[in-house]
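Accompanying notes for the structure given below.
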2 protein chains.
Amino acid sequence: MIDTGAEPESRAERKLRTRRAILDATLELCTDSSLTALSLRQVAKQVGIVPTAFYRHFDSIESLGLALVEESFDSLRDLFRDVRRNAQADQDPSTSSGHRIVDGSIDALVDHVHRRRDHFGFIARERVAGPRSVRDAIRREIELCERELATDLALMTGTDTWTAKDLHVLSSLFVTVLVATAEQILSTTRPEQEEQIVATVRTQLRMLLIGVYQWRSEP
Amino acid sequence: MIDTGAEPESRAERKLRTRRAILDATLELCTDSSLTALSLRQVAKQVGIVPTAFYRHFDSIESLGLALVEESFDSLRDLFRDVRRNAQADQDPSTSSGHRIVDGSIDALVDHVHRRRDHFGFIARERVAGPRSVRDAIRREIELCERELATDLALMTGTDTWTAKDLHVLSSLFVTVLVATAEQILSTTRPEQEEQIVATVRTQLRMLLIGVYQWRSEP
DNA sequence: CCTTTCAGTGAACATCTGTACACCGACAAC
DNA sequence: GTTGTCGGTGTACAGATGTTCACTGAAAGG
């Protein structure tokens with residue numbers, strides 16, 4: 001089939017397009033209110049389809065939520081990838097005790113949160129307020145992120161002084177701070193306040209890093 | 001007026017009692033789903049009153065939420081009071097670098113979260129998923145807690161090595177970890193998993209404390 | 001070309017939603 | 001003891017909700 005490039009869409013393409021429209025509409029509609037307070041009809045109206053057409057794509061708001069979890073964590077993994085790339089480029093831990101890695105990571109965080117406000121906001125909200133299955137899915141994804149980060153940290157600390165357990169403990173703390181910072185950034189629109197949030201988390205991570213550099217795991 | 005002690009309630013007492021019933025019913029109904037997904041009629045049914053009677057006590061679910069914010073933060077302040085009492089009793093920072101204070105604080109946290117699951121869960125959920133006014137109220141209260149904790153920390157660190165700003169930065173980090181830990185405890189029912197959560201946060205705070213003991217504020 | 005598939009339609013349903021209104025009856029105040 | 005205050009009731013209504021069912025019409029496939 002010749003790619004005419006313009007208007008004529010195949011049936012599959014068209015279906016994918018309305019599916020996207022549903023996902024986007026949902027993200028927009030629940031910027032403040034959570035999935036559990038969202039009705040199928042609101043979504044349908046926003047998309048511009050009749051309520052029953054919704055069922056052609058998802059069989060409930062809940063399964064829609066699960067799809068959004070996957071999508072949102074793609075964005076979060078993008079962030080992780082950026083941070084990792086950043087850290088490898090700055091592979092000079094002797095100077096300024098990792099300050100550059102911290103600063104770079106925070107910059108990446110701010111950047112990604114701004115670019116995908118919807119996804120990060122979705123995770124932050126539904127993590128505690130969504131339907132149970134959605135909450136569970138998010139917690140599972142976050143644990144995956146922690147594990148992933150832990151293996152990255154192993155390369156930087158050396159396994160002689162850090163047990164696997166302690167690496168996961170540290171990684172978990174980083175993720176906690178990351179999530180909290182994202183939440184704070186999302187809850188403000190004033191640039192000067194955001195500046196302060198960033199400055200605060202920068203100092204927090206530096207305090208923590210002092211401890212990290214001196215930590216010796218007990219076997 | 002003679003206090004008969006038993007059945008006969010004054011009008012004011014009776015009103016307060018249904019008000020309490022409304023607050024309790026709301027806390028119970030939104031253990032999983034958030035205020036924004038809660039209807040006035042559900043609350044009324046749970047309390048055992050007719051929907052319109054709700055308006056005799058609150059003029060919207062939102063203002064009900066604000067009342068619950070106050071109440072929930074009373075519980076959180078109870079926790080803070082316990083932690084403070086604990087820390088003062090263990091005023092022997094030379095030994096084991098504050099491990100006892102950390103352990104005691106975590107124990108108090110776990111204890112209070114268990115006792116007031118409803119309040120802590122409410123804060124955790126509505127903090128990100130509630131109506132805007134509720135979210136704002138919670139954030140304001142949390143900032144108050146951070147300031148309060150910062151002044152407590154000032155007594156333990158000495159203002160010669162710590163600026164007020166850095167104290168608030170540290171206090172903010174503690175509150176972040178506290179909130180995250182409470183969320184984790186609330187999201188599990190298995191005791192062995194809770195044990196692990198506690199062990200993790202204990203290690204995290206010890207790592208952090210190493211950094212804190214060596215921190216010198218830049219002016 | 002003829003048939004099948006299937007995203008989207010539209011009407012209909014039983015149920016739930018917030019809120020308005022008139023009302024009751026026991027406690028409180030004078 | 002009369003009067004007023006005020007929690008709580010009951011009815012009512014317009015609108016929103018999830019889900020059902022039979023349908024259309026255009027693309028896909030033989």
Side-chain angles (χ1 to χ4, degrees), chain A residues 1-26 28-30 32-67 130-134, chain B residues 1-26 28-30 32-67 130-134:
Chain A
M1 189 171 274
I2 300 168
D3 179 17
T4 56
E7 290 219 348
E9 289 174 310
S10 80
R11 192 135 76 169
E13 287 171 332
R14 175 132 202 108
K15 176 162 189 181
L16 218 71
R17 220 167 57 100
T18 50
R19 186 191 149 95
R20 256 263 57 84
I22 291 177
L23 292 168
D24 290 341
T26 305
E28 186 180 341
L29 283 175
C30 70
D32 41 14
S33 77
S34 142
L35 266 189
T36 51
L38 191 63
S39 78
L40 182 155
R41 284 178 116 102
Q42 284 174 55
V43 177
K45 181 180 287 182
Q46 174 87 6
V47 174
I49 58 176
V50 92
T52 47
F54 176 91
Y55 293 110
R56 302 290 181 197
H57 302 270
F58 303 97
D59 50 61
S60 66
I61 291 280
E62 198 168 315
S63 68
L64 203 190
L66 292 176
R132 173 165 297 279
S133 63
V134 171
Chain B
M1 189 172 275
I2 301 167
D3 179 18
T4 56
E7 290 217 349
E9 289 174 311
S10 78
R11 193 135 77 171
E13 286 171 333
R14 175 134 201 107
K15 176 161 188 182
L16 217 71
R17 221 165 57 99
T18 49
R19 185 192 150 95
R20 254 266 54 84
I22 291 176
L23 293 168
D24 290 340
T26 305
E28 187 180 340
L29 283 174
C30 71
D32 39 17
S33 79
S34 142
L35 266 188
T36 52
L38 191 63
S39 79
L40 181 155
R41 285 177 113 103
Q42 284 175 56
V43 177
K45 181 179 288 183
Q46 175 86 4
V47 174
I49 56 175
V50 94
T52 47
F54 176 92
Y55 292 111
R56 302 291 181 195
H57 303 270
F58 303 98
D59 50 61
S60 67
I61 291 280
E62 199 169 315
S63 67
L64 204 189
L66 292 176
R132 175 165 296 279
S133 64
V134 172

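Residue numbers begin at 1 in each chain, while the letters A, B, ... track the order of the sequences.
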Interatomic distance, B:Ile22 CD1 vs D:dG8 P [rounded to whole Å]
7 Å

Taking 4.0 Å as the cut-off, does a side-chain nitrogen or oxygen of A:Gln42 come that near to OP1 or OP2 on D:dA16?
no

Between B:Leu38 and A:Ile49, which is nearer to the 5' end of DNA chain C once each is assigned its nearest nucleotide?
A:Ile49

Just the rounded figure in Å: distance from C1' of C:dA14 to CZ of A:Arg41.
12 Å

Do B:Leu40 and B:Tyr55 come within less than 4.5 Å of each other through their side chains, counting heavy atoms only?
yes

Rounded to whole angstroms, how far apart are CZ on B:Arg14 and C1' on C:dC27?
12 Å

Would the distance check show the side chain of B:Thr18 and the main-chain N or O of B:Ala21 forming a donor-acceptor pair, the cut-off being under 3.5 Å?
no

Here's a test of your reading of the structure: between A:Ser60 and A:Ala12, which maps to the more 5' nucleotide of DNA chain D?
A:Ser60

Can you tell me the distance, in whole Å, between the OH atom of A:Tyr55 and the P atom of D:dG18?
7 Å

Determine yes or no for a side-chain-to-main-chain donor-acceptor pair under 3.5 angstrom, with B:Ser33 supplying the side chain and B:Cys30 the backbone.
no

So which nucleotide from D:dG18, C:dT9, C:dT5 ends up closest to the side chain of A:Arg11?
C:dT5

Touch class at under 4.0 angstrom, heavy-atom based, for A:Thr52 against every strand present
base

Rounded to whole Å, how long is the line connecting atom NZ of B:Lys15 with atom C1' of C:dG25?
17 Å

Residue-phosphate contact under 4.0 Å: B:Ser39 side-chain N/O, C:dT17 OP1/OP2:
yes

Taking atom C1' of C:dA20 as reference, at what distance in whole Å does atom CG of B:Leu40 sit?
13 Å

Length of the CD-P vector between B:Glu9 and D:dG8, whole Å
10 Å

Trace of the side chain to side chain contact (heavy atoms under 4.5 Å, CB included) decision for A:Arg19 with A:Phe58:
CA-CA 9 Å; A:Arg19 186 191 149 95; A:Phe58 303 97; 3.5 Å; yes

How close or far is atom C1' of D:dT17 from atom CD1 of A:Ile61, stated in whole angstroms?
11 Å

Does the base of D:dG8 carry an N or O that pairs as donor and acceptor with the side chain of B:Arg56 under 3.5 Å?
yes

Is there side-chain contact between A:Asp32 and B:Thr36, with at least one heavy-atom pair below 4.5 Å?
no

